[in-house]
Amino acid sequence: MALLAAAAARRLPRILRLLKPHHFTTASSSPFFGESESSAPVWEQQSPVRTPPDVQFAAWVTRLRPGFSACDLADAINSEQDPDLALALFRWAALRPGFRHAPASYLAALNAAASGKRPVAAENLIQDVLAGACPPDLQLFNACLRFCCDRRSLFPIAFDMFNKMRALPASAACRPNVETYTLLLSTVVRRVRRPPASLVYLHAVRSLSRQMKASGVVPDTYLLNLIIKAYGRCLEIDDALKVFREMPLYGCEPNEFTYGYIVKAMFQKGRTEKGLEYLKEMREKEFVPSGGVYMSAVAALALEWRFEESREVLLDMLDCKRKPDMITYRTLLEELCRATRTEDAFELLEELKERKRGALDQRMYSELLGGLHWISQPQQNSLPRRDRGSDERDSGD
């Protein structure tokens, strides 16, 4: 009996530990009866990187034969779905005597960390690559750039990687290529909105464009469109047209995005005549502008009282299944009323309502009709009574 009691006493602490909740611990250090009732539960912080099971890790270790290469390790990391297990294999291989990681293994680990949402591990890998932990490789550098460009906090590291690539000798075959400049320019252009704040990023666009030409990199249409887009957003029309005219020199043909950036910038700049010429050239090539380009053209032409051309652009927009917003409709109709062409404004509104393609809905039609009735009324009766009375008293005095 004494032996059974001793065995039960030894098993009792283990049973009590199994019955305790796994997701929090108490402030007391006693594992069983010594716990205090007043001790508050303290939640344990979950680690973003999970420790892989020992069985799976041991299985992968046994699959890697002695003397495995970096390519074998990269294949193992790429075939593993669990990012934590893939990163554990990468760290374990670094501790093997005589083993050194190659660009292929770093690229596989970086892809596993990025796809598995392990940003801290990916950033550590990028710092190792930047410090020269592996031989230079263009594909690896571009993968690091892609990860850094997708995160605002790592954008300075992307330019550090870019400067490292430029400093390498030509024999290393790691100089920036079209993909490198596309990644950097797309990130910069996303931050270019409207002047004057965007002029800071426009300087970076000009610098990257000059470096690209100096290094002999032949751009593609997408890369040139990014540069034109940046110039267009900052209303630098002459620079945008210069890049537009240089496109045939690189064997690139303008597309609907190229024309769209230039046409929209011209109408916003006030160069309506040139913008209309490029818009007609765009339509002759059967390119369909975006809704923003159409609306900029309609509003700019209406503000200059070129109503027939504005109406033609609006109807062409509806034929191309592009839907204008309320501001575009109101700009055209209200400018017609201000030009004492109220009847034409009401006729155009009825025509837009009766159209089979792109007709106005009832809510928008009612709002536009009410606005036309208000703006067509005599404006001398719109002043408050007090103001009119004060004017009469002033005239009587």
Indicate, with yes or no, if the rings of F162 and F141 have centres closer together than 6.0 Å.
-> no

Verify, without hydrogens or angle tests, whether R191 (side chain) and T187 (backbone) share a donor-acceptor contact under 3.5 angstrom.
-> yes

Salt-bridged, R355 to E351, with N to O below 4.0 Å?
-> no

For residues S215 and Q211, is any side-chain donor paired with an opposing acceptor at under 3.5 Å?
-> no

With no hydrogens and no angle check, is any side-chain donor or acceptor of S209 less than 3.5 Å from a backbone partner on V205?
-> no

Smallest heavy-atom separation, T221 atom then C252 atom, equals OG1-CB, 3.4 Å

Apply side-chain contact (heavy atoms from CB on, under 4.5 Å) to L332 and L301, showing your working.
-> CA-CA 9 Å; L332 177 56; L301 291 170; over 6 Å; no

Would a hydrophobic clustering, with Ile, Leu, Val, Met, Phe, Trp and Tyr connected at side-chain separations under 4.5 Å, put L303 with L276?
-> no

May I ask you to test the R91-L87 pair for a side-chain heavy-atom distance under 4.5 Å?
-> yes

Once you round to the nearest 0.5 Å, how far does CG of L140 lie from CG of N111?
-> 9.0 Å

Side chain to side chain, V129 and D137, heavy atoms closer than 4.5 Å = no

So Y259 and F287, would you call those rings parallel, tilted or perpendicular, with 30° and 60° as cut-offs?
-> tilted

Any donor and acceptor pair, going by atom type alone, linking the side chain of E80 with main-chain N or O of D82 inside 3.5 Å?
-> yes

More than 12 heavy atoms of other groups within 6.0 Å of R152 CZ = no

Kindly give the heavy-atom pair with the smallest separation between V263 and Y278, and that separation in Å.
-> CG2-CB, 3.7 Å

Residues A204 and V188: closest non-hydrogen pair is CB-CG1, 4.2 Å

Between the side chains of Y294 and D316, does any donor sit under 3.5 Å from an acceptor?
-> yes

With sequence neighbours excluded, tell me which residues meet side-chain contact (heavy atoms from CB on, under 4.5 Å) with V288.
-> R283, C320, R322

Over all atoms of both residues, closest heavy-atom pair of L183 and N142 | CD1-O, 3.6 Å

Side chain to side chain, M165 and L138, heavy atoms closer than 4.5 Å = yes

Is a side-chain donor or acceptor of R175 paired with a backbone partner of L168 at a separation under 3.5 angstrom?
-> yes

Donor-acceptor contact below 3.5 Å, side chain N78 vs main chain A74 = yes

Side-chain ion pair, K280 and E309, N-O less than 4.0 Å | no

Presence of salt bridge, E277 and K274, under 4.0 angstrom = yes

Answer yes if F90 and F68 sit in the same cluster of Ile, Leu, Val, Met, Phe, Trp and Tyr residues linked by side chain heavy atoms under 4.5 Å apart, and no otherwise.
-> yes

Heavy-atom check, side chain of M266 versus side chain of E273, under 4.5 Å | no

What distance separates E123 CD from L110 CG, expressed to the nearest 0.5 Å?
-> 11.5 Å

Minimum heavy-atom distance P324-L318, with the two atoms named | CD-CD2, 3.6 Å

So do P176 and Y181 actually touch side chain to side chain, heavy atoms under 4.5 Å?
-> yes

Mind telling me whether H101 and Y106 have parallel, tilted or perpendicular rings, with 30° and 60° as the class edges?
-> perpendicular

To the nearest 0.5 Å, what is the distance between SG (C149) and CE (M161)?
-> 10.5 Å

Main-chain N/O of G292 paired with S296 side-chain donor or acceptor, under 3.5 Å = yes

E236 with K242: basic N within carboxylate O range, under 4.0 Å = no

Quick one: do Y231 and Y261 satisfy ring-ring contact (aromatic ring centres under 6.0 Å, His included)? Show the steps, please.
-> CA-CA 9 Å; Y231 288 142; Y261 300 144; over 10 Å; no

For residues M326 and M364, determine if any side-chain heavy atom of one lies less than 4.5 Å from a side-chain heavy atom of the other.
-> yes

Residue Y250 excluded, over 12 heavy atoms near OH under 6.0 Å | yes

Can you name the nearest heavy-atom pair linking A230 to L202, along with the distance?
-> O-CD1, 4.2 Å

State whether a side-chain donor-acceptor pair under 3.5 Å links Y365 with E350.
-> yes

When you check the gap from the basic side-chain N to the acidic O, do E335 and R338 get nearer than 4.0 Å?
-> yes

dist T272:OG1 -> E304:CD (nearest 0.5 Å) comes out at 3.5 Å

Determine, stepwise, if the pair I227 / M212 fulfils side-chain contact (heavy atoms from CB on, under 4.5 Å).
-> CA-CA 12 Å; I227 301 175; M212 179 184 66; 4.1 Å; yes

Does some side-chain heavy atom of N225 sit less than 4.5 Å from a side-chain heavy atom of N255?
-> yes

Residue pair T331, T328: steps toward the side-chain contact (heavy atoms from CB on, under 4.5 Å) verdict | CA-CA 5 Å; T331 302; T328 306; 5.8 Å; no

Side chain of S310, backbone of V298: donor and acceptor closer than 3.5 Å?
-> yes

Flag the pair K229 / F257 as yes when at least one side-chain heavy-atom distance between them is below 4.5 Å, and no otherwise.
-> no

Does R151 make a cation-pi contact with F147 (under 6.0 Å, within 45 degrees of the axis)?
-> yes

Is any side-chain N of the basic residue among K353 and E347 closer than 4.0 Å to the acidic one's carboxylate O?
-> no

Below 4.0 angstrom, N of the basic side chain to O of the carboxylate: do D325 and R330 qualify?
-> no

Which distance, rounded to the nearest 0.5 Å, do you find between the CG of L348 and the CG of L314?
-> 6.5 Å

Take K285 and E256, measure what salt bridge (Lys or Arg N to Asp or Glu O under 4.0 Å) needs, and give me the verdict at the end.
-> CA-CA 9 Å; K285 294 184 177 181; E256 61 270 17; over 6 Å; no

Inter-residue atom distance L208.CG - K213.NZ, 0.5 Å rounding = 12.5 Å

Transitively linked via ILVMFWY side-chain contacts under 4.5 Å: I327 with M317?
-> no

Would you sort out whether F307 and D344 count as a side-chain contact (heavy atoms from CB on, under 4.5 Å), showing the intermediate values?
-> CA-CA 10 Å; F307 299 116; D344 295 338; over 6 Å; no

Short question: side chain of R233, backbone of V192 - any donor-acceptor pair under 3.5 Å?
-> yes

Is a donor on one side and an acceptor on the other found under 3.5 Å between the side chain of N163 and the backbone of F159?
-> yes

